[in-house]
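The structure appears below as structure tokens.
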Amino acid sequence: MASVELVNLSKSYGSVGVIHDISLTIGDGEFVALVGPSGCGKSTLLRMISGLETITDGDILFDGAPVNDLSPKARNVAMVFQSYALYPHMTVAENIGFNLKVAGVAETERKRRVEEAARMLNLEPLLGRRPSQLSGGQRQRVAMGRAVVRDPAVFLFDEPLSNLDAKLRVQMRSEIKSLHQKVRTTAIYVTHDQIEAMTLADRIVVLNRGRIEQQGSPMELYTNPANAFVAGFIGSPAMNFLDADAIATEQGPAARFSDGQILPLGDRRNIEAGRPLTIGIRPEHIHLAAQNADLSGQVELVEPTGAQTHVVIQMGAVSMVASIDGSTPIQVGSPFHAAIRPADLFVFDQADGGRIRDR
Ligand code: ADP
Ligand code: MG
């Protein structure tokens, strides 16, 4: 196991910068998710850590020692990719043990380690099969077995579950988490799926255009996003963003929306009247009220998901999504009166998306 430290790390392809001055410390045994939209540089960063990609500038340290010039093999990392590329002519046991064989590990020791990995991943009954006789989830588990068996310093995952169907993805997610709880090997997990990052990681690092937007525990990012990008990326359904102007009322500052509705901003004394704002409202913070609520609109769409129903509410030229209890009867075209606690609101600067703090 190892700690991983990235120091002012940059990567360019020719004149195009892809990773910009990233510094990040990952503790020994920690599970960190790198999350961000497609093309933001997640795979590039992971491949730099693995040694598969050269570094343009900066340093990578494992347990305090630079590994910049070490080959992937010498770094002792194990990577699990989206495509698992098993050897079709080998059994599961041979696939899992292949790297050990190449490394010259004796047969009895190899057998012991393969069986241990198989036990951890519930692959014992499948050790004699070939990949073509396995389901997608089982194949992915074999790919993980191949990584686990090497007892690496660091696990590197690059969207390993993207090829699986939704149900299997959820199941494999739990398996990866419980695997990490057993082996406690430092893990860096790349995904564009914020739910995967939230459910798996001790800490999430949100990347955007090759830069870190914010890092923190899943709940820190959810409750205390630094800016509109992170706020919109973390949480599902995504946060609603409504443009507004700040106005002063007798009760304190308020937001006035394009359709003229006014929403009190609570105790946010630092917001001067006239300032262009973006108000962030999480769907789960919008409650169905009787009359005279904070915001009113018309139900445009109703999307039941079971426990929760997502309601698209039209307000003038804009709309927002509310997530309400699935048992609540609700009809398209009917009015929706929304109650929203001022403390649940997020306020952002409209120009740069920066969060305007409560005080
Ligand atoms: P992600 O994994 O977050 O989707 P990548 O790390 O794969 O993103 O890519 C980040 C950016 O770097 C993209 O704009 C991509 O086009 C560019 N890129 C990746 N690999 C190369 C390469 N070998 N040459 C040039 N540009 C590349
Ligand atoms: Mg990628």
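For the single chain, residues carry numbers from 1 onward in sequence order. Whatever order the structure lists ligands and atoms in, that order sets their numbers, starting from 1. The structure presented is a predicted model; accordingly, all values stated were derived computationally and were not measured.
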Suppose I only count heavy atoms of Ser38 and a 4.0 Å limit; which atoms of ligand 1 are within that range?
4 (O)
Test the Arg282-Phe346 pair against the cation-pi criterion, namely NZ or CZ under 6.0 angstrom from the six-membered ring centroid and within 45° of the ring axis.
yes
Give yes or no for whether the N/O distance cutoff of 3.5 Å, strictly under, is met between Gly39 and ligand 1.
yes
CZ (Arg209) with more than 12 external heavy atoms under 6.0 Å:
no
Protein contact of [atom] - nearest heavy atom, named by residue and atom, plus distance:
atom	result
atom 17 (C) of ligand 1	Val18 CG2, 4.2 Å
atom 18 (N) of ligand 1	Tyr13 CE1, 3.5 Å
atom 6 (O) of ligand 1	Thr44 OG1, 2.5 Å
atom 7 (O) of ligand 1	Ser43 CB, 3.8 Å

To the nearest 0.5 angstrom, please state how far the CE atom of Met48 sits from the CG atom of Asn68.
9.0 Å
Taking [X] first and then [Y], would you say they form a salt bridge - that is, a charged N and a carboxylate O separated by under 4.0 Å?
X	Y	answer
Lys111	Glu107	no
Glu116	Arg113	no
Arg275	Asp349	yes

At less than 2.8 Å, would any N/O/S atom of Ser43, backbone or side chain, sit next to the Mg ion (ligand 2)?
yes
Less than 3.5 Å apart, any donor N or O on the side chain of Glu213 or Asn227 sitting next to an acceptor on the other?
yes
Evaluate the 4.0 Å heavy atom contact test for atom 15 (C) of ligand 1: does a protein atom fall under the cut-off?
no
Could you name the option among Ser12, Pro37, Gly17, Gly41 that has the heavy atom nearest to atom 8 (O) of ligand 1?
Gly41
